[in-house]
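Keep in mind the model is a prediction, meaning the values are calculated, not measured.
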Amino acid sequence: MTDDPRLLRYEVEELFFAYVECLDEGEVERWPDFFTDDCLYKIISRENFERGLPLGAMLCEGKGGLKDRVVSVTTTSVYHDRALRHLLSNIRVKGVANGVIDVQANYAVLETLTNEFTTVFNAGKYLDKLVREGDGLKFKEKLCVFDSVMVPTSLIFPI
Amino acid sequence: MNESLPYKWPEEGNSRIPYWVYSDPRVYEREQERVFGGASYSFVALEADIPNPGDFKRTKIGDRPVVVVRDTDGGVNVLVNRCAHRGSRYCYREHGNAKEFTCPYHQWTYDLTGALISVPFRRGVKKQGGMPDDFRLEDHHLEALKCALRGGVVFASFDHTMPAFEDYLGPKMLGYFDRVFDGRELSILGYSRQRMRANWKLMFENLKDPYHASLLHVFLVSFGLFRADNPSQVQMDEKTGMHSVQVSRRGEQKASEGTREMRQFDQGLRLHNPEMLQPVPEFPGDATVVMQTIWPNLIVQQQSNTLAMRQIQTLGPEVFELHWTFFGYADDDDGMTMRRLRQANLMGPAGFVSIDDSEVMEAAQFGLGKYPDAEAVVEMGGRGVEDQDHMVTESSIRAFYDHYRNVMGF
Ligand SMILES: [Fe+2]
């Protein structure tokens, strides 16, 4: 683990930027590579999160859970074409303890359906736990807490 | 509103659905009045949403805002969210706990049963103004709806002459309802909401249409959760056909006579986390899926161990919202709670199964919305409205429209 906070911040930002680039470029098959094998991934509304209710809109337990979501997106689900783009801001290292790096960041996902204007599809914050694995950082836990209680139509791709 | 509409239902009857019912604002207005505002019980809350005195939540019946609140005696009241003074919305928060409701506009204050308890400056200020001498607080109650509670579920009606909820459902549908709401205390796992660019009736049709489930839902079909060749039933209530259930039993992931026509069937599909689809039997009988639709706004979902209320709220002829409440039982152990949360991946805005439905309902609206004079052909399983012991039918859609036409005067 590096002791230089500037270097750590650089590494964390690189991970986040590569992560959203993977999703925005439509390479969802590579999405599980950003996580540890025993990861937890959850998209949860702010409403449920703040009320202490456990239900997530999307819940993946371990890399297997992520891969099942990939199968759904690429094989079984039926949906309209769209382009998605993540905007990231305020990526902050909140603390480092026992090899786990707590990171919080804001995100907005823009959605563009065929023949429609671009809209803000989903916005919220990531509350993540990162660990060092091999030569880089991976998500051990990724929690996407989205602000609006309302999802326009459906939430198909991971955030 | 009795303005006559320039439409006539197709001569074929219930085996046709004219597309003007999905887009015309006048039809929508009549629905608000007769379907949601008329002789019906709408789902408004689970008692577990508001367990303590003073707990409240806002919701809507059709598009009309109401507040569901537990009073100090433990009773449940459903009150229109409209001040009795000048009509302002008095309840500003989506949920919370209150001792009383005060409308911020002129601070008229109501107790938790909706009774008006104080009006500022009622006697005037310095002998000027004030309410007339014959103004009585008890004449200005918040509009309260007729309430029905059963098994921890709260229903409400604008029509105070409604029969008991049990008679409204009928014995057959009540049996399916009591199967899930068997008196055990419920616990809330969380909420989800979606806004769909489609007419609300398409949601009901979707749940009354086992024909599509075997074809559209690759996920369900491939993993044997719901298939045309599984033993199954479609049943309606005895009197009207307005309520229905789809009952199914889980099959295997194998090819059969039926799967040849299911073009999407993928025998080789495997889950990396198969425990997501390993249910534990918890209800009497051998059914693994029971989807019940209760007129005019509720779907009770029991798919394996994932339980949810799906409430329909309308926003206009071509927009509706689906408000999901996922729940379990207060006596569930951690394993069962985890199982319910895991299987919740099938349903909701990001559901492996329900994504298909949401997208397809919008596709339907995009297809039929601008062709009010065309019509749907609903002849799978015949042209009647009777119960059937298979999935290859649209009979409960026909039964739904049989009742709809009576209510709407079509
Ligand atoms: Fe479906």
Side-chain angles (χ1 to χ4, degrees), chain A residues 32 37-82 113-116 119 121-122 144-159, chain B residues 94-95 187-198 216-223 264 266 269-277 306 308 321-328 337-338 340-363 366:
Chain A
D37 287 345
D38 63 346
C39 67
L40 183 75
Y41 175 81
K42 187 159 156 178
I43 305 179
I44 185 171
S45 69
R46 186 168 56 107
E47 177 185 31
N48 286 344
F49 183 72
E50 288 179 355
R51 293 175 77 169
L53 297 169
L55 179 80
M58 214 183 262
L59 171 68
C60 305
E61 297 167 274
K63 216 170 223 169
L66 302 172
K67 287 180 179 166
D68 287 338
R69 191 47 78 167
V70 171
V71 169
S72 145
V73 169
T74 58
T75 312
T76 66
S77 292
V78 176
Y79 52 86
H80 296 102
D81 285 344
R82 66 202 63 206
L113 292 157
T114 313
N115 291 334
E116 304 258 11
T119 58
F121 170 71
N122 193 285
C144 315
V145 183
F146 63 97
D147 291 333
S148 176
V149 295
M150 198 63 66
V151 171
T153 312
S154 37
L155 207 172
I156 297 158
F157 291 87
I159 287 171
Chain B
E94 194 62 16
H95 64 91
S187 79
I188 306 289
L189 297 177
Y191 305 97
S192 268
R193 319 217 192 298
Q194 291 171 268
R195 184 171 296 176
M196 249 85 77
R197 293 171 296 172
L216 172 67
H217 298 307
V218 182
F219 194 91
L220 277 187
V221 173
S222 297
F223 297 112
Q264 310 285 1
D266 185 345
L269 216 52
R270 288 288 177 270
L271 281 177
H272 294 88
N273 277 4
E275 64 272 17
M276 196 188 70
L277 297 181
T306 174
E321 287 176 359
L322 202 51
H323 289 232
W324 305 69
T325 306
F326 285 80
F327 63 93
T337 298
M338 198 56 230
R340 297 195 199 286
L341 292 169
R342 202 172 270 150
Q343 291 175 15
N345 273 308
L346 295 170
M347 299 298 179
F352 287 131
V353 177
S354 50
I355 283 174
D356 305 343
D357 290 319
S358 308
E359 296 285 312
V360 154
M361 278 186 278
E362 290 198 348
F366 298 157

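- Interface remark: B:Arg342 contributes backbone and side-chain atoms alike to the contact with chain A (heavy atom separation under 4.5 Å).
- The choice from B:Glu362, B:Glu94, B:Arg340, B:His95 that makes the most heavy-atom pairs within less than 4.5 Å of chain A is B:His95.
- Heavy-atom distances place both the backbone and the side chain of A:Thr153 under 4.5 Å from chain B.
- Ion pairing between B:Glu359 and A:Arg82 holds under the 4.0 Å rule for side-chain N and carboxylate O.
- Rounding to the nearest 0.5 Å places OG1 of B:Thr306 at 6.5 Å from CD of B:Gln343.
- Without hydrogens or angle criteria, B:Asn345 side chain to A:Leu59 main chain gives a donor-acceptor distance under 3.5 Å.
- For chain B, the option among A:Asp68, A:Val151, A:Val149 with the highest count of heavy-atom pairs below 4.5 Å is A:Asp68.
- For the pair A:Arg69 and B:Phe352, the cation-pi criterion (under 6.0 Å, within 45° of the ring axis) is fulfilled.
- Within the 4.5 angstrom heavy-atom criterion, atoms from both the backbone and the side chain of B:Ala363 approach chain A.
- Taking chain B as the reference chain and counting heavy-atom pairs below 4.5 Å, the highest number among A:Met58, A:Lys63, A:Lys67 is found for A:Lys67.
- Only the side chain of B:Glu321 has a heavy atom closer than 4.5 Å to any heavy atom of chain A.
- Counting heavy-atom pairs closer than 4.5 Å to chain B, the top-ranked of the candidates A:Ser72, A:Gly56, A:Gly64 is A:Gly64.
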Residues A:Glu116, B:Arg197; criterion salt bridge (Lys or Arg N to Asp or Glu O under 4.0 Å); working and verdict: CA-CA 13 Å; A:Glu116 304 258 11; B:Arg197 293 171 296 172; 3.1 Å; yes

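- Nearest heavy atom pair, residue B:Ala350 against residue A:Ala57, reads CB-O, 3.3 Å.
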